[in-house]
Amino acid sequence: MKVLYLSYWGYNEGLTKASVIPHVKVLACLPTIEEVVLCTIERNGRAKEIPSISKVTFVPFHSRNIPINIFNKISDFLFFRRNLKNLLKIGRIDIIIARSSLSGLLVYKLSKKLNIPLVIESFEPHSEYMREAGVWHPWGLKYIFLNRAEREMARIATSLVTVSSHFAKNLETAFAKKKIATFPCAVDHQLFAYSSSRSESRKEATSYTR
């Protein structure tokens with residue numbers, strides 16, 4: 001089985017390193033997985049320090065970084081979708097895993113058109129978060145567009161994976177229970193293992209800020 005894993009963030013960004021890469025490594029270890037194609041959205045130049053991971057192929061998409069934000073978003077959306085469509089066809093992808101609803105936005109219609117199962121991992125009501133935080137206005141185009149898209153992608157997706165059991169229960173009122181799953185983010189146990197030296201450094205840093 002070939003999996004396309006889409007991250008909305010660049011390879012060297014903290015969210016990718018801390019949460020995406022551990023998940024990709026777990027997937028690559030599964031005997032049923034032939035290849036994981038990891039796609040990232042690079043907005044800060046070329047990705048650097050890319051380690052070799054067995055059975056993982058790295059395919060970065062680079063933003064054109066147009067100065068006017070709204071035009072850049074439109075350009076990215078059209079450009080990335082076109083490239084993803086070609087990759088899905090040429091790569092003979094069996095399943096798509098989109099990390100978050102923002103990644104899902106780029107592939108949910110493609111998954112339906114090409115009849116490729118879609119899993120949205122870390123699915124969340126991002127549009128509602130932004131509205132409740134006062135970042136987006138309830139009548140703003142960003143909120144309306146993503147809110148509608150989130151409802152549609154939730155309907156189209158084969159599976160929705162949340163990190164919150166409470167949100168999973170909310171989703172179960174609208175969708176079949178078997179479509180919803182909940183599991184926490186994977187982490188590198190060696191990286192997060194207890195270290196006395198790091199612990200002392202944190203204590204020192206805390207004492208300086210008091």
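Only a predicted model underlies this, so the values are computations on that prediction, with no experimental measurement involved.
Not counting sequence neighbours, the partners of Phe77 by the side chain to side chain contact (heavy atoms under 4.5 Å, CB included) test are Arg81, Leu105, Leu106. For Glu132, there are no salt bridge (charged side-chain N to carboxylate O under 4.0 Å, His left out) partners, not counting sequence neighbours. Ser103 is linked by a side-chain hydrogen bond (donor to acceptor under 3.5 Å, both in side chains) to nothing, counting only residues two or more places apart in sequence or in another chain.
Around the CG atom of Leu141, the shell of radius 6.0 Å holds no more than 12 heavy atoms that belong to other residues, nucleotides or ligands.
Within the structure, salt bridge (Lys or Arg N to Asp or Glu O under 4.0 Å) pairs that include any residue of residues 29-39 comprise Lys2-Glu35 (at least two apart or interchain).
His23 and Glu121 form a side-chain donor-acceptor contact under 3.5 Å, judged by distance and modelled atom types alone. Using modelled atom types, one finds no donor on one side chain facing an acceptor on the other under 3.5 Å when comparing Ser7 with Arg99. Between Thr40 and Glu42, the side chains place a donor N or O and an acceptor N or O closer than 3.5 Å (distance only, hydrogens not considered).
The hydrophobic clustering, which links ILVMFWY residues whose side-chain heavy atoms are closer than 4.5 Å, places Val163 and Tyr129 apart.
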Would you mind writing out the side-chain donor-acceptor pairs for residues 110-117 within the sub-3.5 Å range, not counting sequence neighbours?
| from | atom 1 | to | atom 2 | distance (Å) |
| --- | --- | --- | --- | --- |
| Ser111 | OG | Tyr108 | O | 2.8 |

Tell me which donor-acceptor pairs under 3.5 Å the side chains of residues 83-92 have, and how far apart each pair is, sequence neighbours excluded?
| from | atom 1 | to | atom 2 | distance (Å) |
| --- | --- | --- | --- | --- |
| Asn83 | ND2 | Phe79 | O | 2.7 |
| Asn86 | ND2 | Arg82 | O | 3.4 |

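Using a 4.5 Å heavy-atom cutoff, the side chains of Leu6 and Ile97 are not in contact. Using a 4.5 Å heavy-atom cutoff, the side chains of Ile96 and Tyr5 are not in contact. By the 4.5 Å heavy-atom criterion applied to side chains, Ile93 and Val3 are not counted as neighbours. Met1 has its side chain within reach of Ile95: a pair of non-hydrogen atoms, C-beta onward, lies under 4.5 Å apart.
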Quiz item: What do the steps show when you test Leu146 against His126 for side-chain contact (heavy atoms from CB on, under 4.5 Å), and what is the final call?
Solution: CA-CA 8 Å; Leu146 183 58; His126 186 79; 3.7 Å; yes

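Leu160 pairs with exactly one of Ile180, Leu118, Thr182, Val119 by the side-chain contact (heavy atoms from CB on, under 4.5 Å) rule, that one being Ile180. When each of Val36, Leu38, Ile21 is paired with Ile53, the side-chain contact (heavy atoms from CB on, under 4.5 Å) condition holds for Ile21 and for no other.
Closest heavy-atom contact between Ala154 and Lys179: O-NZ, 2.6 Å. Minimum interatomic distance between Thr16 and Trp9 (heavy atoms only, all atoms of both residues): OG1-CB, 3.5 Å. Between Tyr143 and Pro138, the shortest heavy-atom contact is CD2-O, 3.2 Å. Nearest heavy atom pair, residue Asn147 against residue Glu128, reads ND2-OE2, 3.1 Å.
The aromatic rings of Phe61 and Phe80 sit parallel to each other, their planes meeting at less than 30°, with 60° as the upper class boundary.
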